[in-house]
Amino acid sequence: MFRRPVLQVFHQFVRHESEVASSLVLERSMNRVQLLGRVGQDPVMRQVEGKNPVTIFSLATNEMWRSGDSEVYQMGDVSQKTTWHRISVFRPGLRDVAYQYVKKGARIFVEGKVDYGEYMDKNNVRRQATTIIADNIIFLSDQIKEKS
């Protein structure tokens, strides 16, 4: 008779503790970007004193849609929106390959993550910048030429 309530209390305590422990477990999240587009400018390599160098270039992606009410394929005006992305490459091997082989106009696929940062401009004004930190670059253009 005494044993049963003790076991029930113990089970409730264990259940409560396991619920608390599971709520402390970090849940997984994802910050992943995949972009397919054309390079807007030849890359530049920058290095801030005391930090690792970074290769930076811009990438344009296009979004196209037809306007109008007709569902006939030929009808309606085609509209297009171009979005420019700032790509930063920090990984040592990839950074050097990107600097050497990425060219303006090249069609590339970039995988990475979005980073929101701040910096001070020339006039000491705090600015916000959105950057794609590249983990992988796939060259899709058939013209890969080394920088001279």
Do L35 and I87 come within less than 4.5 Å of each other through their side chains, counting heavy atoms only? yes
Please name the pair of heavy atoms, one in N62 and one in Q80, separated by the smallest distance, quoted to 0.1 Å. OD1-NE2, 3.4 Å
Shortest non-hydrogen contact between D135 and R32, atoms and distance: OD2-NH1, 2.7 Å
same_hphob_cluster(Y119, W84) at 4.5 Å side-chain heavy-atom cutoff: no
Which value, rounded to the nearest 0.5 Å, describes the distance between E63 atom CD and T82 atom OG1? 10.0 Å
Expected output: side-chain R126 to main-chain E118 donor-acceptor under 3.5 Å: no
Exercise: identify the closest heavy-atom pair between V78 and M64: CG1-CE, 3.8 Å
Scanning both residues in full, the closest heavy-atom pair of P43 with Y99 reads O-CE1, 3.7 Å
One should read off an interatomic distance between T131 OG1 and K113 NZ, to the nearest 0.5 angstrom, of 11.5 Å
Side chain to side chain, F139 and V97, heavy atoms closer than 4.5 Å: yes
I56 versus R86: any side-chain heavy-atom pair under 4.5 Å? yes
Rounded to the nearest 0.5 Å, what separation is found between the NZ atom of K81 and the OG1 atom of T83? 4.5 Å
If every non-hydrogen atom of A134 is compared with every non-hydrogen atom of L94, which pair is closest and at what distance? O-CD2, 4.1 Å
Nearest heavy-atom contact between M45 and T55 is CE-OG1, 3.5 Å
Output for pair (E111 CD, Q34 CD), nearest 0.5 Å, gives 5.0 Å
Tell me, do L140 and L36 make a side-chain contact under 4.5 Å, heavy atoms counted? yes
Short side-chain to backbone donor-acceptor contact, R95 and V89, under 3.5 Å: no
Any donor-acceptor pair under 3.5 Å linking the side chain of N123 with the backbone of V125? no
Output for pair (F57 CZ, K104 NZ), nearest 0.5 Å, gives 14.5 Å
Atom pair CD1 (I132) and CG (L59), whose distance is rounded to the nearest 0.5 Å: 9.0 Å
Is any side-chain heavy atom of T130 less than 4.5 Å from a side-chain heavy atom of H85? no
